[in-house]
Amino acid sequence: MASTEAQQDASVKTPADAEAAPDQLAGLEAGLDALETRVKDRVPVSRVLLDKVLPPIVAIVIVLALWQLAYALELKPHYQLPSPVDVGHSLQEKWLDGTLLGYVWHSVSRGALGFAASLVIGTPLGLLVARVRFVRAAIGPILSGLQSLPSVAWVPAAIIWFGLTDSTIYAVVLLGAVPSIANGLVSGVDRIPPLYLRAGRTIGATGVAGIRHILLPAALPGYIAGLKQGWAFSWRSLMAAELIATSPDLGTGLGQLLDQARVDQDMSLVLAAILLILIVGIGIELLIFAPIERRVLRSRGLLANAR
Amino acid sequence: MTATLTQKPVDKNGAGTYAARFDHVSKSFGRPGAQQLVLDDITLDVAPGEFVCLLGASGCGKSTLLNLVAGLDKPTGGSIDVPGGRPALMFQEHALFPWLTAGKNIELALRMRGVPRAERRDEAERLLELVRLKGAYGKRVHELSGGMRQRVAMARALAQDSRLLLMDEPFAALDAITRDVLHDELTRIWRETNLSVLFVTHNVREAVRLAQRVVLMSSRPGRIAREWDVEMPQPRRIEDAAVADLSVEITEQLRGEIRRHGQH
């Protein structure tokens, strides 16, 4: 460094210099802080609409156009492939006779209850697998294996165990969702940077305090990803169970509606039911999980494109 | 076992005379039979209020040594005594928790120390003011610059109210201008709080700029090779001629230590 020449006499500081230094230091530091702090820019609403809302609308319009085209060309007979308008009519009919929301509510409330139960079981299970080596070795592989087992495979077994009751449906939902939630937490814990755990131990956050203040919050992003997947699995398993386990005792959810439409050979209603199942699945993801996830990631500065 | 060079006379009066005492500390890693000696016969006292820099090249076991003092690991041989209880530790990375604001990071350390809820907020604000980050209480970690993060980390370390502050190359990842400013800041805080500091670095100038005593370690295994008392008054500047002169001398020694490893 050549700067030594300029500071040749720096070692013979007077006491006055030393007194003046703190003020200068404070100013220097304030300047550095100001220079290095990023200025946030707000994205205008019109831009958000253009970037986020327009593309899916375009995609939906294209799909509907292709569907209408297939209908017009009569690729399949009309009773097998009804037009988008026919499906719209079926939906409208169910809406007008007041049963549509009943089907949706029946399934959603079941799905929500099943998901809540999965959460209560999956969370401590995931924590055990993540933190206790013996438990991980014992059931870790089974738990991740269970995720690749389609939960519809449990339906026959559940019917034999529980009969055509709500228990059957909840059993299938739990077997589908618990492994995802537990696995999400496990991978969330596995991906915690070791530095956080060290820093936690240094400030005395060990044992239960360590789990509560360091481990769980640090694992939250992975845990939320697991919850999202858990919901998808709950919903999927629920539909599989409703579709197969149909009985007057079980009431009518979207799965039963779908099966009833198949029995009646009502293709527009079949497509309408599929559409409803899809819309509910996407709707819950968009309205509940996406905002939570965005909030968590943004608060940690992990969301690059949306500052 | 080899004796350490220029060992300072040790005061045998017991507690109160040191903030940390290393008594023939050694540390090996690996299974019995295939052990690797990382630290060999480290004997060192850090006096209360003293600022000591541990200096060494890669593989000198500096970080291992800090882990031992911090209680994150146990020595294989010898003993370490830290009478003031759990020391505070600052890392090269800020290690602030991104799910908490700057202020809440500090409050978590206060809470773990048992400070009642009602006092935490004020105490956190006071510590932020000490590192000159008044107004940063509600800021998220990613909203702060590198230098600001290390100052919050310093405030969090101070929140532990330990008499001994361990620093593991805390400024190595910062740009030169910020590092220079943080050197001034650390010196100021050290003098205001009268803490004992054990500061690990591989930067000779930094060591001479900051420390009252520079301890040079050799590598593989880590041993204490030599010590220097730095008697220039604080605040020093990293550009000071006297700092440069001593740095040249220490660098020569350090290079000699490193060269030994290329000779076989």
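Lettering follows sequence order; numbering is per chain, from 1.
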Chemist: So which of Leu220(A), Leu32(A), Val296(A) has the biggest tally of heavy-atom pairs under 4.5 Å with chain B?
Modeler: Leu32(A)
Chemist: Side chain, backbone, both or neither: which part of Ala218(A) has a heavy atom under 4.5 Å from chain B?
Modeler: both
Chemist: Which answer fits Val181(B), side chain, backbone, both or neither, if we ask what part of it has an atom under 4.5 Å from a heavy atom of chain A?
Modeler: both
Chemist: Non-hydrogen contacts under 4.5 angstrom with chain B: give the residues of residues 207-215 of chain A involved, or none if there are none.
Modeler: Ala209(A), Arg212(A), His213(A), Ile214(A)
Chemist: Which residues in residues 122-138 of chain A have a heavy atom less than 4.5 Å from any heavy atom of chain B?
Modeler: none
Chemist: Below 4.5 Å, heavy atoms only, C-beta onward: do Leu302(A) and His142(B) meet side chain to side chain?
Modeler: no
Chemist: Given Glu185(B) and Glu29(A), is the side-chain contact (heavy atoms from CB on, under 4.5 Å) satisfied, shown in steps?
Modeler: CA-CA 9 Å; Glu185(B) 202 58 81; Glu29(A) 215 156 39; 2.3 Å; yes
Chemist: Non-hydrogen contacts under 4.5 angstrom with chain B: give the residues of residues 197-205 of chain A involved, or none if there are none.
Modeler: Arg198(A), Ala199(A), Gly200(A), Arg201(A), Thr202(A), Ile203(A), Gly204(A), Ala205(A)
Chemist: Who among Arg156(B), Arg151(B), Met232(B) has the most heavy-atom pairs with chain A under 4.5 Å?
Modeler: Arg151(B)
Chemist: Could you list which of residues 92-110 of chain B have a heavy atom closer than 4.5 Å to any heavy atom of chain A, in residue-number order?
Modeler: Glu93(B), Ala95(B), Leu96(B), Phe97(B), Pro98(B), Trp99(B), Leu108(B), Ala109(B)
Chemist: Within the supplied structure, the quantity of interest is the number of heavy atoms (other residues, nucleotides, ligands) at a distance under 6.0 Å from Ile177(B) CD1; does it exceed 12?
Modeler: no
Chemist: With a 4.5 angstrom heavy-atom cut-off, is it the side chain or the backbone of Asp175(B) that approaches chain A, or both, or neither?
Modeler: side chain
